[in-house]
*Asks:* 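Let me give you the structure first, and then I'll get to my questions.
First listed ligand is number 1; within each ligand, the first listed atom is number 1. We use all heavy atoms of the structure for the numbers below, so side chains are in, but hydrogens, waters and symmetry mates are not. Only a predicted model underlies this, so the values are computations on that prediction, with no experimental measurement involved.
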Amino acid sequence: MTKKLYSALLTSFNADGSLNEKGTREIVRHNIDVNHIDGLYVGGSTGENFMLQTATKKRIFEIVKDEAGDDCDLIAQVGSIDLQESKELANYVVNDLGYKTISAVTPFYYNFSFPEIKYYYDEIVKDVDANLIVYSIPALTGVSLSLDNFAKLFENPKIIGVKYTNADFFLLERLRNRFPDKKILFGTDEMLLPALSLGVDGAIGSTYNVNAARAQSEIKAFEAGDMKKALDIQHQTNDLISAILNNGLYQTIKLLLQDMGVAAGYTKEPMHKPTPEMESVAHDIYNKYLKN
Ligand SMILES: CC(=O)N[C@@H]([C@@H](O)[C@H](O)[C@H](O)CO)[C@@H](O)CC(=O)C(=O)O
């Protein structure tokens, strides 16, 4: 399989919202030992990163690096609307922990100009010996980068690609066509097959924590030219994802991991803890789509 599959790593929290180190380590191990994942995207949306204090973010990066070692590729998402925090996190994960690749979400909330966004990225990566992958997720940040915006960001040789979580497949095709040597990792699990057909280098997503086997089979079928099999698998995957989304995304993935024997813990407030109904639905989803 030449296309790489990364899990957007979940973080395990205790009922009181504190970090559950043991559970987070179990999620890492499950991805490596059971999912045979190519890599982990640490500190992203799925890790509930944007609700965490700097010290907690640092502890998670440290735990994951300690647990994973060199067993899989690691990308540390250090983006923040506090540029100083992003630079502090970049310096910590690269110089203290040994991460080789960092990522940063487009700065959001204050409607930054593109020159301010370019400054943000160049500042984050300039003082560390690492490469950076832009994290573009317009639906959640409200920041849509144009093809020319990407071209300007990519002028920095340390900015090696993009985690593209966007339904705009025309822009995706234009990016692939114009930047054949930049890494494009696709972030919408429901649309993996169309993204593969446009030539992405791989995928990063939340549902791969529990559905990596199907995604790997889909990629293998695609690479073997069996589009019918690949589409059949995408249909199965999207039945699963629809059920997960309808039941509560991160809560349900954590409940599914618990059915797999992984202490995935709770989500962080204000996200609600699962209700008995959600727990029952998650068990049904596991039994229907994931039980071996
Ligand atoms: C908002 C969100 O969670 N997006 C996911 C997807 O994997 C998404 O959960 C999946 O496609 C189901 O909708 C990823 O793009 C996010 C991601 O990679 C990250 O955690 O940074």
Side-chain angles (χ1 to χ4, degrees), residues 4-13 24 27-28 31 35 37-52 57 60-61 64 73-80 86 89 93 101-108 132-143 161-169 172 183-196 200-212 214-215 218-219 233-257 264 267-268 271 282 285 289-290:
K4 299 299 178 194
L5 191 71
Y6 288 68
S7 284
L9 190 67
L10 294 141
T11 307
S12 178
F13 295 102
T24 300
I27 299 170
V28 172
N31 271 292
N35 291 340
I37 210 79
D38 293 303
L40 297 172
Y41 189 81
V42 190
S45 314
T46 306
E48 300 168 63
N49 172 73
F50 301 103
M51 295 189 274
L52 305 180
K57 294 179 184 180
I60 293 166
F61 287 129
V64 174
D73 189 28
L74 297 176
I75 301 174
Q77 197 293 128
V78 301
S80 165
S86 293
L89 289 173
V93 299
T101 309
I102 59 176
S103 181
V105 69
T106 50
F108 52 88
L132 184 145
I133 291 176
V134 172
Y135 178 14
S136 174
I137 182 166
L140 296 188
T141 59
V143 179
V162 54
K163 174 156 88 81
Y164 189 85
T165 303
N166 185 346
D168 184 338
F169 279 82
L172 176 58
K183 191 185 289 271
I184 303 179
L185 297 172
F186 188 68
T188 303
D189 314 6
E190 302 86 315
M191 301 309 284
L192 175 59
L193 185 54
L196 291 173
V200 296
D201 299 290
I204 299 176
S206 64
T207 63
Y208 304 132
N209 284 276
V210 295
N211 194 46
R214 271 199 188 89
E218 180 174 327
I219 293 169
I233 298 170
Q234 188 70 66
H235 288 322
Q236 294 166 32
T237 282
N238 287 359
D239 289 343
L240 166 63
I241 294 176
S242 297
I244 290 172
L245 291 172
N246 290 336
N247 197 50
L249 177 60
Y250 301 134
Q251 292 94 335
T252 303
I253 298 176
K254 290 184 175 180
L255 289 168
L256 295 172
L257 282 169
T267 49
K268 197 155 176 66
M271 288 188 192
I285 293 170
Y289 297 106
L290 296 169

*Asks:* Just let me know how Thr46 lines up against ligand 1, side chain, backbone, both or neither, with a heavy-atom cut-off below 4.0 Å.
*Replies:*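 Looking at Thr46 and ligand 1, atoms from backbone and side chain both fall under 4.0 Å.
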
*Asks:* Is it the case that ligand 1 has an N or O less than 3.5 angstrom from some N or O of Lys163?
*Replies:*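 Yes; at least one N/O pair falls below 3.5 Å.
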
*Asks:* When only distance counts, is Tyr135 in polar contact with ligand 1, meaning an N/O pair under 3.5 Å?
*Replies:*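 Between Tyr135 and ligand 1 (N or O atoms, distance only) the closest approach is under 3.5 Å.
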
*Asks:* Can you name the atoms of ligand 1, numbered from 1 with element, that are less than 4.0 Å from a heavy atom of Asp189?
*Replies:*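 Every atom of ligand 1 under 4.0 Å from some heavy atom of Asp189: 6 (C), 7 (O), 10 (C), 11 (O).
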
*Asks:* What residue and heavy atom of the protein are closest to atom 9 (O) of ligand 1, and at what distance?
*Replies:*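 Looking only at protein heavy atoms, the one closest to atom 9 (O) of ligand 1 is Ser206 OG, 2.6 Å.
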
*Asks:* Among all protein non-hydrogen atoms, which one is nearest to atom 13 (O) of ligand 1, and what is the separation to 0.1 Å?
*Replies:*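 Here the closest protein heavy atom is Glu190 OE2, 2.7 Å.
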
*Asks:* Determine, step by step, whether Leu9 and Thr11 satisfy the side-chain contact (heavy atoms from CB on, under 4.5 Å) criterion, reporting the C-alpha distance in whole Å, the side-chain angles of both residues, the deciding distance to 0.1 Å, and the verdict.
*Replies:* CA-CA 7 Å; Leu9 190 67; Thr11 307; 6.0 Å; no

*Asks:* Taking atom types as modelled, find out whether Ser7 and Tyr41 have a side-chain donor-acceptor pair closer than 3.5 angstrom.
*Replies:*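 Tyr41 and Ser7 do not have a side-chain donor-acceptor pair below 3.5 Å.
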
*Asks:* With heavy-atom distances below 4.0 Å as the criterion, list the atoms of ligand 1 near Thr188.
*Replies:*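 Those qualifying, in numeric order: 11 (O).
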
*Asks:* Which atoms from ligand 1 have a heavy atom of Gly205 less than 4.0 Å away?
*Replies:*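 Listed by number with element, the hits are 7 (O).
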
*Asks:* Below 4.0 angstrom from a heavy atom of Gly44, which ligand 1 atoms are there? Numbered from 1 as shown, please.
*Replies:*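 Selected atoms, number and element: 20 (O), 21 (O).
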
*Asks:* Taking 4.0 Å as the limit for heavy-atom contacts, which would you say applies to Ile244 with ligand 1: side chain only, backbone only, both, or neither?
*Replies:*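 The answer is neither; Ile244 stays 4.0 Å or more away.
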
*Asks:* Indicate whether the side chain of Asn166 and that of Ser136 have a donor and an acceptor atom separated by less than 3.5 Å.
*Replies:*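 The criterion, which ignores hydrogens and geometry beyond distance, is not satisfied for Ser136 and Asn166.
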
*Asks:* Does a salt bridge link Glu48 with Lys57, judged by any charged N lying under 4.0 Å from a carboxylate O?
*Replies:*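 Here Glu48 does not pair with Lys57 in a salt bridge, since their nearest N and O are not under 4.0 Å apart.
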
*Asks:* Is there a donor in the side chain of Gln234 and an acceptor in the side chain of Asn238, or the other way round, less than 3.5 Å apart?
*Replies:*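 Yes, side-chain donor-acceptor contact under 3.5 Å.
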
*Asks:* For residues Asn35 and Asn209, is any side-chain donor paired with an opposing acceptor at under 3.5 Å?
*Replies:*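 No, Asn209 and Asn35 have no side-chain donor paired with an acceptor closer than 3.5 Å.
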
*Asks:* Which heavy atom of the protein is the closest neighbour of atom 1 (C) of ligand 1, given with residue, atom name and distance?
*Replies:*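 The answer is Leu140 CD1, 3.6 Å.
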
*Asks:* At under 4.0 Å between heavy atoms, is it the side chain or the backbone of Tyr250 that contacts ligand 1, or both, or neither?
*Replies:*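 Contact part for Tyr250 vs ligand 1: side chain (C-beta onward).
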
*Asks:* My understanding is that only one of Leu10, Ile37, Val210 makes a side chain to side chain contact (heavy atoms under 4.5 Å, CB included) with Asn31; could you say which?
*Replies:*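 Exactly one option meets the side chain to side chain contact (heavy atoms under 4.5 Å, CB included) with Asn31, and it is Ile37.
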
*Asks:* Need the ligand 1 atom indices (1-based, order shown) with element for anything under 4.0 Å from a heavy-atom of Leu249.
*Replies:*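 What qualifies from ligand 1 is 3 (O), 9 (O).
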
*Asks:* Scan Thr46, Asp189, Thr237 and name whichever one has a side chain to side chain donor-acceptor pair (under 3.5 Å) with Thr207.
*Replies:*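 It is Asp189; the other options fail the test.
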
*Asks:* With side chain to side chain contact (heavy atoms under 4.5 Å, CB included) as the test, pick out the partner of Leu185 among Thr165, Ile75, Val200.
*Replies:*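 Per the side chain to side chain contact (heavy atoms under 4.5 Å, CB included) rule, the option paired with Leu185 is Ile75, out of Thr165, Ile75, Val200.
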
*Asks:* Report yes if Thr165 has an N/O atom closer than 3.5 Å to an N/O atom of ligand 1; otherwise report no.
*Replies:*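 N/O-N/O distance below 3.5 Å exists for this pair.
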
*Asks:* Within ligand 1, which atoms have a heavy atom of Ala8 less than 4.0 Å away?
*Replies:*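 Under 4.0 Å from Ala8, ligand 1 has these atoms: 17 (C), 18 (O), 19 (C), 20 (O).
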
*Asks:* Do other residues, nucleotides or ligands put more than 12 heavy atoms under 6.0 Å from Lys183 NZ?
*Replies:*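 No - once you tally the heavy atoms of other residues, nucleotides and ligands closer than 6.0 Å, there are 12 at most.
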
*Asks:* Would you say Gly187 and ligand 1 have an N/O pair spaced under 3.5 Å apart?
*Replies:*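 Yes, Gly187 has an N/O under 3.5 Å of an N/O on ligand 1.
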
*Asks:* Which ligand 1 atoms are under 4.0 Å away from a heavy-atom of Tyr41?
*Replies:*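 So the answer, numbered in order with elements, is 21 (O).
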
*Asks:* Anything under 30° is parallel, anything over 60° is perpendicular, the rest tilted; go ahead and classify Phe169 against Phe186.
*Replies:*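 Ring orientation of Phe169 relative to Phe186: tilted.
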
